[in-house]
Amino acid sequence: MKSLVAILVAAGLFMACNDSAEKQAAAQKARQQTIDSLNLVLAKQKAVDSMQRINDSLATARAKTVEKNTRSSAAATQSGGGEMSTTSSQAAKKKGWSHTAKGAVVGAG
């Protein structure tokens, strides 16, 4: 009878120790999933911020180009209009993406 009680007590201790180890492992796994999720959200936000900065810089560049072209066409109109067709053809040409913009898009992807 004493050996049976000793075996049951030993089994109970093993079960109690095993249960806390499983709980700790589950808690650690949940923490790691939360951290991974937050890191993923931060990476996505960085990509969005990067693209927003690129869009802002492109919009600024476009505004400067439009302003420059407006000044040029106003000067051409005042001087006689001979240069107006040349200015318009230059304004119609679009610039491609800069190396920095391409790198940011590739990095965001």
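All heavy atoms count here, side chains included; hydrogens, waters and symmetry mates do not.
Counting only distance, with no hydrogens or angles, the side chain of Ser37 and the backbone of Gln33 share no donor-acceptor pair below 3.5 Å. A donor-acceptor distance shorter than 3.5 angstrom exists from the side chain of Thr34 to the backbone of Ala30, with no hydrogens or angles considered.
We find the CG-CD distance between Asn55 and Gln52 to be 6.0 Å, quoted to the nearest 0.5 Å. Arg31 CZ to Gln24 CD: the interatomic distance, rounded to the nearest 0.5 Å, is 8.5 Å. Atom OG1 in Thr100 sits 12.0 Å away from atom CZ in Arg53 (nearest 0.5 Å).
Following chains of ILVMFWY side-chain contacts shorter than 4.5 Å, one can reach Leu58 starting from Met51, so the two form part of one hydrophobic cluster.
Across Ala101 and Ile54, no two heavy atoms sit closer than the pair O-CD1, 3.8 Å.
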